[in-house]
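Everything on this sheet refers to the single structure shown next.
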Amino acid sequence: MRRRNTAIGPETVVEKSSPHKMSPIVRIIGRLECGRTQLEVSEGHGIAQSVISRLWQRFQDDGNVSRCYSTGRPRVTTPNEDRYLTVSAKRNRRSTASDLSHQLSSATGTTVSRQTVYRRLGHIGLYARRPVRCVPLTATHCRLRLAWSREHTLWTPQQWSCVMFSDESRFSLQSDSRRTFIWRAPGTRYHQENTIERHRYGGAGWLVWGGIILGSRTDLHVQSVTITGHIYRDVILEQHVRLFRGAMGAEFLFMDDNAHPHRANIVDACLQSEDITRMDWPAYSPDLNPIEHVWDMLGRRIAARQPPPTCLPELRRALLVEWCNISQDPIDNLILSMPRRCKACIASSGRHTPY
């Protein structure tokens with residue numbers, strides 16, 4: 001099949017397939033030859049004046065305004081090879097771009113660069129991101145978390161304002177500097193296949209305890225040794241929690257997790273003698289505890305100090321100072337987010353949530 005000649009020379013040429021109908025390009029050139037300005041032709045055809053200018057310039061240079069066909073650089077991979085990369089990345093989300101490139105070369109003989117792998121996976125919405133580290137959850141954990149969320153999802157802000165959320169956290173001079181990436185799509189950060197489950201990091205540091213409540217917080221308790229049942233009773237409950245219970249009255253609820261020192265018999269006896277009501281709490285649920293975000297605020301403040309702490313005494317002083325410097329407003333907002341946390345846990349059937 002012969003290509004129609006759309007080249008335009010000094011003489012007006014019409015398309016062979018329609019001898020009585022001129023193409024838009026012919027009409028544009030004809031009007032310019034008749035003395036019309038480029039602005040008038042641009043407005044008459046609804047085309048940008050810059051396009052009219054380039055068209056007229058090309059016609060004056062060589063008398064030809066036909067579009068030059070350019071194929072560009074040919075695509076290295078075929079659609080089937082693109083699908084192979086996608087399937088390989090989803091099957092093993094911890095494969096690097098180099099690994100995927102080698103797998104493609106072994107399977108199809110096509111060699112591509114790491115950048116090509118990034119582009120192909122990016123076209124379908126897969127990007128290299130660090131996986132979220134979460135605590136391991138069993139089916140029993142998920143069932144208990146789901147039941148607890150359903151029980152508390154309709155609690156009012158007034159009810160949540162009576163709860164003191166507490167927890168321990170460890171701050172060290174060392175940080176987790178590993179760079180492990182996975183392939184995931186936007187919005188799938190907390191999907192099970194995109195998380196790494198682990199408990200805590202090691203290294204020398206301080207163990208801290210704190211409690212938050214709507215409108216206030218406890219002092220930060222800092223120590224170097226592990227909290228035992230006796231320390232938890234004599235220091236945490238007697239010196240911190242008991243004061244808030246006396247100020248708030250019988251509506252006060254104390255939330256702590258299911259760590260072994262928290263469930264010691266001497267701790268239960270102390271809570272009973274002080275008439276402190278403990279909130280039922282599902283195990284392995286740090287994402288439901290708003291104080292975890294306060295630890296994150298505290299850690300960011302410690303990391304932003306100039307110069308940063310270089311020894312344990314400096315780290316201890318920094319922890320106490322920055323704990324007092326945290327504004328109460330974001331803490332209150334975290335406590336008021338509890339209904340949303342419950343709904344997110346219900347939506348995930350008791351598994352990990354974005355909190």
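Owing to the predicted nature of the structure, the values given are computational and were not obtained by experimental measurement.
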Does atom [atom1] of [X] have more than 12 heavy-atom neighbours from other groups under 6.0 Å away?
X: Gln115; atom1: CD; value: yes
X: Asp280; atom1: CG; value: no
X: Glu251; atom1: CD; value: no

Is it true that [Y] and [X] share a donor-acceptor pair across their side chains at a distance under 3.5 Å?
X: Arg263; Y: Asn258; result: yes
X: Gln103; Y: Asp99; result: no
X: His262; Y: Asp257; result: yes
X: Thr310; Y: Glu314; result: yes
X: His45; Y: Arg27; result: no
X: His102; Y: Ser105; result: no
X: Ser98; Y: Ser101; result: no

Considering only heavy atoms from C-beta outward, does the side chain of [X] approach that of [Y] to under 4.5 Å?
X: Ser113; Y: Thr116; result: yes
X: Ser216; Y: Phe244; result: yes
X: Ser285; Y: Pro282; result: yes
X: His230; Y: Ile266; result: yes

Closest contact, heavy atoms only, [X] versus [Y]:
X: Gly205; Y: Arg170; answer: N-NH2, 3.4 Å
X: Ile276; Y: Arg242; answer: CD1-CA, 4.4 Å
X: Cys142; Y: Ser349; answer: CB-O, 4.0 Å
X: Leu315; Y: Phe171; answer: CD2-O, 3.6 Å
X: Asp219; Y: Trp323; answer: C-NE1, 3.9 Å
X: Val135; Y: Pro286; answer: CG2-CD, 3.9 Å

Test: ring-ring contact (aromatic ring centres under 6.0 Å, His included). Region: residues 76-98. Which pairs qualify, not counting sequence neighbours?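 Found none.
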Can you tell me how far [atom2] of [Y] sits from [atom1] of [X], rounded to the nearest 0.5 angstrom?
X: Ile28; Y: Ile47; atom1: CD1; atom2: CD1; value: 4.0 Å
X: Ser348; Y: His191; atom1: OG; atom2: NE2; value: 9.5 Å
X: Ile52; Y: Trp56; atom1: CD1; atom2: CH2; value: 11.0 Å

Assess whether side chain to side chain contact (heavy atoms under 4.5 Å, CB included) is satisfied between Arg305 and Glu322, documenting all intermediate values. CA-CA 10 Å; Arg305 289 177 69 93; Glu322 297 300 340; 2.7 Å; yes
Before you tell me yes or no, could you show the steps for Trp160 and His152 under side chain to side chain contact (heavy atoms under 4.5 Å, CB included), namely the whole-Å CA-CA distance, both residues' side-chain angles and the distance that decides it to 0.1 Å? CA-CA 9 Å; Trp160 289 116; His152 295 84; 3.9 Å; yes
Quick one: does any side-chain atom of [X] pair with a main-chain N or O of [Y] as donor and acceptor, under 3.5 Å?
X: Ser95; Y: Asn92; value: yes
X: Gln159; Y: Thr156; value: yes
X: Asp167; Y: Trp209; value: no

Output, in order, the C-alpha distance, side-chain angles, deciding distance and verdict of side chain to side chain contact (heavy atoms under 4.5 Å, CB included) for Leu100 and Leu104. CA-CA 6 Å; Leu100 295 174; Leu104 180 65; over 6 Å; no
Any salt bridge linking [X] with [Y]? Criterion: basic side-chain nitrogen under 4.0 Å from a carboxylate oxygen.
X: Asp268; Y: Arg278; value: yes
X: Arg341; Y: Asp287; value: no
X: Arg75; Y: Asp82; value: yes

Once side chain to side chain donor-acceptor pair (under 3.5 Å) is applied, do any residues pair with Arg91, and if so which ones, sequence neighbours excluded? none
Could you tell me how the ring of Phe254 sits relative to the ring of Tyr232: parallel (under 30°), tilted (30 to 60°) or perpendicular (over 60°)? tilted
Angle between ring planes, Trp281 versus Phe165, binned at 30° and 60°: parallel, tilted or perpendicular? perpendicular
